There are 2 protein chains.
Amino acid sequence: MGSETLVLTHDTMVEGVHFLAGQDLHDVAWRLVATNMSDLAAKGARPVGVLLSYQLGGDDAAFLRGLGAALTRYGAALLGGDTVSAAGAKTVGLTAIGLATHLPVPPRSGAKPGDEVWITGPVGAALAGFEALQSGEGDSEAYRRPVALVAEGQLLAPLVSAIMDVSDGLLLDARRMAMVSGVTLTLDRSAIPIAMPEDRRDEALRWGDDYQLLFTLPGQVTPPLPAFRIGTVMEPGPEPLLLDGAAPSGKLGYEHR
Amino acid sequence: MGSETLVLTHDTMVEGVHFLAGQDLHDVAWRLVATNMSDLAAKGARPVGVLLSYQLGGDDAAFLRGLGAALTRYGAALLGGDTVSAAGAKTVGLTAIGLATHLPVPPRSGAKPGDEVWITGPVGAALAGFEALQSGEGDSEAYRRPVALVAEGQLLAPLVSAIMDVSDGLLLDARRMAMVSGVTLTLDRSAIPIAMPEDRRDEALRWGDDYQLLFTLPGQVTPPLPAFRIGTVMEPGPEPLLLDGAAPSGKLGYEHR
């Protein structure tokens, strides 16, 4: 668009599917903004504004407060949108518009053999928070108020060969990065930072919503921020993802439809 | 954005509210695109692309075909979006991105005393089409496959003092234009072209979905396309909208929530 490169994304969330029935709408708004901002972060984009699709009902004022707080947090403006009245599960959606800060916009498909695999922080915090919210005991903040790593994405964009946000589970998202890059990613299970007890490591690696950034860097390149080296990129083999040398079993994450 | 001015819009449609339960999803997709493109048309914007929010279910293939056909019609690309699985009324949304072709982007608030009020074509065709679709008799095309006047909007943008698309009913939308412009619009009831029998004129003036463009031009300026002069702009009075000299009674159109 003229002299600028736009980054656009849209996420829709449905009550009972993407958030709990009866969940505080302040938190729902916060998560809706965060998930979209995380998509921008993974492209190194600076948030500009959003358009909201909002099904009225419940504590609309709480939603608006959460939306305002989250947008302020990311410096994004509410540019417009649409409200609808409908029965049934509450559906909310957000389109976010950002400006690329580095060209080319970093892809998720650029991982190359010899690169190293990094992550910005632990996975599993949102799972722990989700359980706390359901049980009413413990700290649910990480699930209710996730933070998109917008500044981190802008720092990483000029350096990475591939980058994406971990929204559906580390193993699933890492496998996706490997497949679109045409390589095999091999991860060192014990090197992956988790925010859960060790006996729940397998679950932490399969839960999304933490919005950490997963990225690959050429060997010898050190990330310009705190990050964890969790594996390496290899030539393509029969399995796109290896965990301690073997294809991980079972469900790898949250499969959208 | 750099050297370009973007026009952004979002519309959400819910089954049973904005389209009929069980309606052909090809037509639903077409209308979803048209309603968004009409928002761009009213700003004189050239369509660039869209992001789709889509709740899966029913004949998804038909929806996709309709979406593809409509986007091709308007020269807009499907840039991305999100799909969700959920129970309940099908909800679909579209964000459309366009480029302004004339600056300043024409407002709906610029009608001035002395201007004349114009419309691009008849109202009521979508109402007739809606009734045909419900009864299974007659031509429902105008309701199922409305056409957004994108080229017309670009032609009008440099000339108009105010412009908007008629999506909720001519009387309601004309009243809105008058209010945001701080003027009174006086319409000549018999000059308004309708696509219904004369005895249903009052309904035709109150039904939306035709996506005609309503605009005001300074006196002596002739529109560069076929259009109908339906009234004049006056100094603000106690009523923002007059029809044959009196405030129209009853419901003026479709009031969104």
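Just so we're clear, the structure is a prediction, and the values are computed from it rather than from any experiment. Every chain is numbered from 1 and lettered A, B, ... according to where its sequence line falls, protein lines coming before strand lines.
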The interface call for B:S53 against chain A, heavy-atom contacts under 4.5 Å, is both

Quick check on B:R108: does its CZ atom have over 12 non-hydrogen neighbours (other residues, nucleotides or ligands) under 6.0 Å away?
no

With rounding to the nearest 0.5 Å, note down the distance linking CD1 in B:I97 to OG1 in A:T95.
7.5 Å

As an exercise: rank A:L79, A:L52, A:L6 by heavy-atom pairs under 4.5 Å with chain B and give me the winner.
A:L6

Is it true that atom CZ of A:R144 has more than 12 heavy atoms of other residues, nucleotides or ligands lying nearer than 6.0 Å?
yes

Under 4.5 Å from any heavy atom of chain B - which part of A:L99
side chain

Select, from B:Q55, B:E4, B:H10, the one with the greatest count of heavy-atom pairs under 4.5 Å involving chain A.
B:H10

What are the two closest non-hydrogen atoms of B:V17 and A:S85, and how far apart are they?
CG2-O, 3.5 Å

Approximate separation, where rounding is to 0.5 Å, of A:L51 CG and B:L51 CG:
10.0 Å

Quick check on A:T12 against chain B: is it the side chain, the backbone, both or neither that has a heavy atom closer than 4.5 Å?
both

